[in-house]
Amino acid sequence: MSITYTCSLPSFSSISVSNSSTFRPNRITCSAGASVAERKAVNTSEPLLLNAVRGEDVERPPVWLMRQAGRYMKSYQDICQKHPSFRERSENVDLVVEISLQPWKVFKPDGGPIIFDPITTAADVDKVTEFTPQEWVPYVGEALTILRKEVNNEAAVLGFVGAPFTLASYCVEGGSSKNFTKIKKLAFSQPKVLHALLEKFTTSMATYIKYQADNGAQAVQIFDSWATELSPTDFEEFSLPYLKRIVDTVKQTHPDLPLILYASGSGGLLERLPLTGVDVVSLDWTVDMAEGRKRLGSDIAVQGNVDPGVLFGSKDFITNRIHDTVKKAGNTKHILNLGHGIKVGTPEENVAHFFEVAKGLRY
């Protein structure tokens, strides 16, 4: 059995828009037809998102949305009808680029697998091979390179990877899980087996992040979706050290690459997340942004954290929630985002309004 894991999304990279050194009129109109507020001239050659992460002065928070390329968009639904295979949409370079660019062209944003042979024993772990992205997923590198050229530094191209514990959870559980009994049974009855698996995923994901950065990704988000199923004590054993090792390994060769960590429902672990060494912690909506800022400290950037459900509300309601989040986050080191991915059925015009309001903000 040979198991490898890549972030199985039809769009592994998101696009985030910011100002660049190229001259543009001070009023812009997005292709959805919504007028965006006037903006000050900014003389910078780097995307707004990267400047915000570094704590540099920016005129507004950069904005992008998790799952901004996805099923709520009519253009994506049309592609799904023509190409019903999820794998084809994930591995065909032209489709990956087209899907990734869909939300960027419309909104100008700033920025689950099934395992049929789950891992249960040390022998299974021994069969897990090292992930070599240039051999297994060359289309990812090709697509990132094309996206970087298409965006032309008007936006930050973001890469995505899964965290070791979350990848291990899928492989041990055999897919998504409600109770995570299999991975916890392995952790608490055969911890050496789980640690051996986490070691392999740690090496592979560090390699994968470097591969994405070398091919065009300007920042990478690490998803540890299931780490919050662990108690704080168990998080410190089965997730934290491996996340830290990934960060340390990547920073040795890519010291300026911003790394973002997202763990849904992480309120109980919040103070531990900066210990990983990431540059940005992405908050979900269950944590008050102001309280999250205090708990994380001023040295780390934050991302988030509007409730995705807000996008089902009125435009005035959406506007008020955006302003509340940005006010609580403060005027430095903040990336505006949802606290989770966009929900299926979200009105596309409300997503357009979210970006319109966000890009019209000024500190």
Side-chain angles (χ1 to χ4, degrees), residues 5 7-9 65-67 112-113 115 118-119 160-189 191 194-195 197-199 201-202 205 209 220-247 259-297 300-310 325 329 335 337-343:
Y5 181 94
C7 187
S8 54
L9 300 169
L65 302 182
M66 286 181 273
R67 295 180 187 165
I115 309 297
I119 293 174
F160 296 129
V161 300
F165 182 79
T166 291
L167 301 182
S169 295
Y170 281 117
C171 291
V172 174
E173 295 287 340
S176 297
S177 175
K178 291 184 178 180
N179 301 310
F180 295 90
T181 52
K182 294 178 182 178
I183 186 73
K184 290 188 176 183
K185 179 180 178 181
L186 186 65
F188 303 147
S189 66
L194 179 54
H195 280 300
L197 181 60
L198 293 170
E199 290 276 358
F201 284 149
T202 297
M205 289 305 101
I209 291 174
V220 176
Q221 179 159 306
I222 305 169
F223 284 87
D224 207 351
S225 306
W226 306 130
T228 52
E229 294 294 326
L230 296 169
S231 70
T233 297
D234 296 321
F235 175 79
E236 290 177 353
E237 179 176 354
F238 297 107
S239 181
L240 176 58
Y242 298 102
L243 289 168
K244 187 177 187 305
R245 195 175 308 170
I246 287 175
V247 174
L259 297 176
I260 306 167
L261 175 61
Y262 177 77
S264 178
S266 60
L269 301 171
L270 212 54
E271 288 81 2
R272 291 168 172 81
L273 301 186
L275 300 178
T276 61
V278 294
D279 304 281
V280 186
V281 168
S282 191
L283 301 176
D284 73 3
W285 72 95
T286 63
V287 178
D288 180 82
M289 177 58 79
E291 294 176 5
R293 272 290 205 188
K294 291 179 182 178
R295 292 173 61 187
L296 289 169
I300 194 164
V302 294
Q303 179 174 273
N305 68 336
V306 178
D307 185 339
V310 166
T325 299
I335 301 169
N337 205 320
L338 300 177
H340 203 281
I342 298 177
K343 301 295 185 183

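Quick caveat: nothing in here was measured; it's all calculated off a predicted structure.
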Side chain to side chain contact (heavy atoms under 4.5 Å, CB included) evaluation trace for Val278 with Tyr262: CA-CA 10 Å; Val278 294; Tyr262 177 77; over 6 Å; no

Between Lys182 and Glu173 (salt bridge meaning N to carboxylate O under 4.0 Å), is one present in this structure? no

For Asp224 and Ser239, does a side-chain donor sit closer than 3.5 Å to a side-chain acceptor? yes

Separation between CD1 (Ile335) and CG (Leu283), nearest 0.5 Å, reads 11.0 Å

For residues 226-240, pull every pair meeting salt bridge (Lys or Arg N to Asp or Glu O under 4.0 Å), keeping only residues two or more places apart or in separate chains. Glu236-Arg272

Would you compute the distance between atom SG of Cys171 and atom CD1 of Ile119 and round it to the nearest 0.5 angstrom? 4.5 Å

Residue pair Thr181 / Asn179, side-chain donor-acceptor N/O under 3.5 Å: no

Do Leu65 and Asn337 make a side-chain contact, defined as non-hydrogen atoms from C-beta onward lying under 4.5 Å apart? yes

Can you measure from CG (Leu338) to CH2 (Trp285) and round to the nearest 0.5 angstrom? 9.5 Å

State whether the side chain of Asp284 and the backbone N or O of Gly339 hold a donor-acceptor pair below 3.5 Å, judged by distance alone. no

Minimal non-hydrogen separation, Gly162 against Leu167, with atom names: O-CD1, 3.7 Å

Whether the side chain of Arg293 engages the backbone of Ala329 through a donor-acceptor N/O pair (distance < 3.5 Å, no angle test) should be reported. yes

If you compare all heavy atoms of Leu194 against all heavy atoms of Ala168, which two are closest, and at what distance to 0.1 Å? CD1-CB, 4.1 Å

Heavy-atom closest pair, residues Gly292 and Leu270: CA-CD2, 3.9 Å

Taking side chain to side chain contact (heavy atoms under 4.5 Å, CB included) as the definition, give me every residue that meets it alongside Thr202, ordered by chain and number, with sequence neighbours left out. Pro164, Tyr242, Arg245, Ile246

Main-chain N/O of Ser264 paired with Thr228 side-chain donor or acceptor, under 3.5 Å: yes

For Ile222 and Ile209, what are the C-alpha separation, side-chain angles and deciding distance, and is it a side chain to side chain contact (heavy atoms under 4.5 Å, CB included)? CA-CA 9 Å; Ile222 305 169; Ile209 291 174; 4.1 Å; yes

At what distance, to the nearest 0.5 angstrom, does CE of Met289 lie from NZ of Lys294? 13.5 Å

Between Phe223 and Thr166, is any pair of side-chain heavy atoms under 4.5 Å apart? no

Partners of Val310 by side chain to side chain contact (heavy atoms under 4.5 Å, CB included), sequence neighbours excluded? Val306, Asp307, Phe317, Ile318, Arg321

Any side-chain heavy-atom pair of Phe235 and Leu273 under 4.5 Å: yes

So CG of Leu230 and CG of Leu269: to nearest 0.5 Å the spacing works out to 8.0 Å

Taking the six-membered ring for Trp, are Trp226 and Tyr170 parallel (under 30°), tilted (30 to 60°) or perpendicular (over 60°)? perpendicular

Rounded to the nearest 0.5 Å, what separates atom CG in Leu197 from atom CG in Leu186? 8.0 Å

